[in-house]
Structure formats: structure tokens, C-alpha cells
Student: 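This is the structure I want to talk about, given as C-alpha cells.
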Amino acid sequence: MNNIRVMSRWMTDLAPEWIEPTQARSREKVQKIVDAARRRVVETQSLDLKMTDIARAAGVAVGTLYQFFPSRTALIQKLFAEEMRGIDASVAETFLSLSEVDQLANQIEAQLLSHVDVVKSEPAMMVIWASASVDPVIAAADFANTRRNAAVLSARMQAHLDATRTDANVEATALLVCHLWSSVVRLCLQASAQETGPIIRNYAQMIATHTQNLHSSLREPEQL
């Protein structure tokens with residue numbers, strides 16, 4: 001029940017809990033803390049972080065750590081944001097540069113192949129992605145990213161599908177695409193190297209088929 005309550009709270013309140021410092025010296029301390037947390041995640045292959053251990057490894061006082069990260073949740077949330085920054089930027093760029101919906105499947109296929117390679121090359125990211133199904137903080141942070149990316153994709157699809165109305169199917173499609181994006185990455189991390197390409201290709205093909213059907217349905221007159 002505790003995990004359910006945490007998940008529910010984070011899905012409705014997505015404001016970060018960590019304190020983002022403005023002074024250079026404080027930013028250096030925060031970076032040391034995050035780096036120490038990243039090393040600990042890789043060493044233990046888990047997100048079971050003890051704040052006192054992280055403070056010691058970072059060479060800062062425990063009080064300093066709590067000044068910026070009031071809880072383990074805040075620290076994990078910050079670590080997730082740091083690790084996901086590059087992927088988030090590339091996803092946003094892909095959606096914002098979308099000039100027509102027919103390009104979506106091909107662009108997603110290329111991005112997913114790249115993202116799987118990125119995650120596999122970063123030991124901390126491997127642990128974070130694998131923890132999404134069991135750690136409520138990571139699961140909620142991942143869902144928040146899904147929501148943000150889906151909002152961007154939905155707006156672009158709405159514009160390029162010639163929809164004359166806000167269509168719930170467009171919004172649902174965008175949410176599914178973004179949610180399954182994360183799921184496909186996690187699946188590829190568990191699958192063999194030989195399976196990765198076909199998995200991603202089939203996901204892209206499903207998107208292509210669905211967007212074509214969606215385009216056709218939106219061209220039909222709206223039922224009164």
C-alpha cells in the first residue's frame with residue numbers, strides 16, 4: 001500500500017522535491033552528491049540508497065545533503081533527471097521536428113535503436129530503467145516524462161493530421177506511443193542483441209499502421 005500511495009502522490013504532484021542551487025559552490029556540492037549516488041547505484045545494482053553513505057562518499061556533511069535533498073525520493077528523482085537529460089532532449093527534438101505524421105514511425109525506430117545503445121553504455125541507467133517496475137519513485141518519474149512527451153507529440157499530430165477538432169484518439173495514441181517507447185527500451189535491455197532490431201522494427205510498424213488508420217478516421221465527418 002505504501003508504494004501505491006507514493007505512486008499516486010507523484011503522478012498528481014510532479015514538482016521536483018530537490019532544491020536546485022543557484023550558487024556555483026552549491027552546484028558543485030550537489031553534483032558531487034549526484035555523482036556519489038550514481039556510483040553507489042552501479043556498485044549495488046539497486047536504488048536502495050542510504051543518505052549517510054552518500055554524504056560520506058560525496059565528502060559533504062549529512063546536513064548539507066539534506067539541505068538539497070530532503071529525502072531519498074528527492075535524490076533518486078534528481079538522479080533520474082540527470083541520467084535522462086540526453087534522451088529526453090532527443091525525444092522532444094524528434095517530436096518537435098515532425099513535419100508529417102508518416103515520418104513518425106521511422107523517426108521513432110531510429111531513436112529507439114540509439115536509446116537502447118545509450119542505456120546499455122551507461123551502467124547507472126541500466127539499473128534505473130530496470131527499476132521502473134519496482135521502484136515507485138522511478139515509475140512515477142518515468143510516467144511524468146511520458147505525459148510531457150505525449151503532450152508535445154499530441155499537439156504535433158493534431159496539426160499534421162488535419163484534425164478539425166481535438167480528438168481523444170489522437171491524445172490516446174500519443175500517450176500510448178510514449179508509454180510503449182519506455183516499455184520497448186526495457187524489453188530490449190532484457191532481450192538478446194539479435195532480437196532488439198526486430199522488436200523495435202515491429203513496434204515502429206504498429207505505429208505506422210495505427211497512424212494511417214487514425215488519419216483516415218479523422219477525415220471522416222464528425223458524428224453529430
Student: Please say yes or no: joined through hydrophobic side-chain contacts below 4.5 Å, possibly via intermediate residues, are Val30 and Ile19 part of one cluster?
Tutor: yes
Student: Identify the two heavy atoms, one from Ile33 and one from Ile54, that lie closest to each other, and give their separation to 0.1 Å.
Tutor: O-CG2, 3.7 Å
Student: Given 3.5 Å as the limit, does a donor-acceptor pair link the side chain of Asp142 with the main chain of Ile138, or not?
Tutor: no
Student: Enter the distance from Ile207:CD1 to Thr173:OG1 here, rounded to the nearest 0.5 Å.
Tutor: 10.0 Å
Student: Verify the neighbour count for atom CD of Glu20: are there more than 12 heavy atoms of other residues, nucleotides or ligands below 6.0 Å?
Tutor: yes
Student: What residues form a salt bridge (Lys or Arg N to Asp or Glu O under 4.0 Å) with Glu83, not counting sequence neighbours?
Tutor: Arg38
Student: Tell me, yes or no, whether the heavy-atom count around Lys32 atom NZ, taken from other residues, nucleotides or ligands under 6.0 Å, exceeds 12.
Tutor: no
Student: Does any N or O in the side chain of Ser90 come within less than 3.5 Å of the main-chain N or O of Ile87, such that one atom is a donor and the other an acceptor?
Tutor: yes
Student: With a 4.5 Å cut-off on side-chain heavy atoms, are Leu104 and Leu153 touching?
Tutor: yes
Student: Of all heavy-atom pairs between Ala139 and Ala132, which one has the smallest distance, and what is that distance?
Tutor: CB-O, 3.1 Å
Student: Please check this pair: side chain of Arg72 against backbone of Asp48, looking for a donor-acceptor N/O pair closer than 3.5 Å.
Tutor: no
Student: Can you establish whether the number of heavy atoms outside Gln31 located under 6.0 Å from its atom CD is more than 12?
Tutor: yes
Student: Nearest 0.5 Å please: distance from the OG1 atom of Thr196 over to the CZ atom of Arg201.
Tutor: 10.5 Å
Student: For the CD1 atom of Ile76 and the CG atom of Asp135, what is their distance to the nearest 0.5 Å?
Tutor: 5.0 Å
Student: Please collect all ring pair (Phe, Tyr, Trp, His ring centres under 6.0 Å) contacts where either partner lies in residues 174-198, sequence neighbours excluded, each pair once.
Tutor: Phe95-Trp181, His115-Trp181
Student: Between atom CD1 of Ile200 and atom CD of Gln111, what is the distance when rounded to the nearest 0.5 Å?
Tutor: 11.0 Å
Student: Please tell me if the side chains of Val42 and Val127 come closer than 4.5 Å, counting only heavy atoms from C-beta onward.
Tutor: no
Student: Flag yes if Met126 and Leu112 sit in one hydrophobic cluster, no otherwise; membership is Ile, Leu, Val, Met, Phe, Trp, Tyr, and two members link when side-chain heavy atoms are under 4.5 Å apart.
Tutor: yes
Student: Looking at side-chain heavy atoms only, is the closest gap between Met157 and Thr211 below 4.5 Å?
Tutor: yes
Student: Hydrophobic clustering (ILVMFWY, side-chain heavy atoms < 4.5 Å, transitive) - are Met84 and Val91 grouped together?
Tutor: yes
Student: Return the CG to CG distance between Asn213 and Asn169, rounded to the nearest 0.5 Å.
Tutor: 11.0 Å
Student: Do any N or O atoms from the side chain of Gln77 and from the backbone of Glu17 form a donor-acceptor pair under 3.5 angstrom?
Tutor: yes
Student: Atom CD1 of Ile128 and atom CG of Leu47: how far apart are they, to the nearest 0.5 Å?
Tutor: 6.0 Å
Student: For atom CZ of Arg156, is the number of surrounding heavy atoms from other residues, nucleotides or ligands below 6.0 Å larger than 12?
Tutor: yes
Student: Taking only Lys NZ, Arg NE, NH1 and NH2, and the carboxylate oxygens of Asp or Glu, determine whether Asp53 and Arg56 approach each other closer than 4.0 Å.
Tutor: yes
Student: Is Leu96 linked to Val170 within one hydrophobic cluster, defined over Ile, Leu, Val, Met, Phe, Trp and Tyr using a side-chain heavy-atom separation of less than 4.5 Å?
Tutor: yes
Student: Stepwise, does the side chain to side chain contact (heavy atoms under 4.5 Å, CB included) test hold for Asn145 with Phe80?
Tutor: CA-CA 11 Å; Asn145 273 15; Phe80 178 86; 3.6 Å; yes
Student: Which heavy atom of Gly197 sits nearest a heavy atom of Leu113, and at what distance?
Tutor: CA-CD2, 4.5 Å
Student: With a 4.5 Å heavy-atom cut-off, do Trp129 and Val116 have their side chains touching?
Tutor: no
Student: Decide side chain to side chain contact (heavy atoms under 4.5 Å, CB included) for Met51 and Val62; before the verdict, give the C-alpha distance in whole Å, the side-chain angles of both, and the deciding distance to 0.1 Å.
Tutor: CA-CA 7 Å; Met51 302 295 268; Val62 174; 5.7 Å; no
Student: Do you know which two heavy atoms are closest between Thr146 and Ser182, and how far apart they sit?
Tutor: OG1-OG, 4.3 Å
Student: Quick check: does any side chain N or O of Tyr203 sit under 3.5 Å from a backbone N or O of Ala105, one acting as donor and the other as acceptor?
Tutor: no
Student: So, does Ser154 use its side chain to make a donor-acceptor pair with the main chain of Ala150 at under 3.5 Å?
Tutor: no
Student: Quick check on the hydrophobic clustering: are Val185 and Leu175 connected, directly or via other members, by side-chain heavy-atom contacts under 4.5 Å?
Tutor: no
Student: With salt bridge (Lys or Arg N to Asp or Glu O under 4.0 Å) as the criterion, how do Arg25 and Glu28 come out once you've worked through the C-alpha distance, each side chain's angles and the decisive distance to 0.1 Å?
Tutor: CA-CA 5 Å; Arg25 187 174 179 182; Glu28 289 176 5; over 6 Å; no
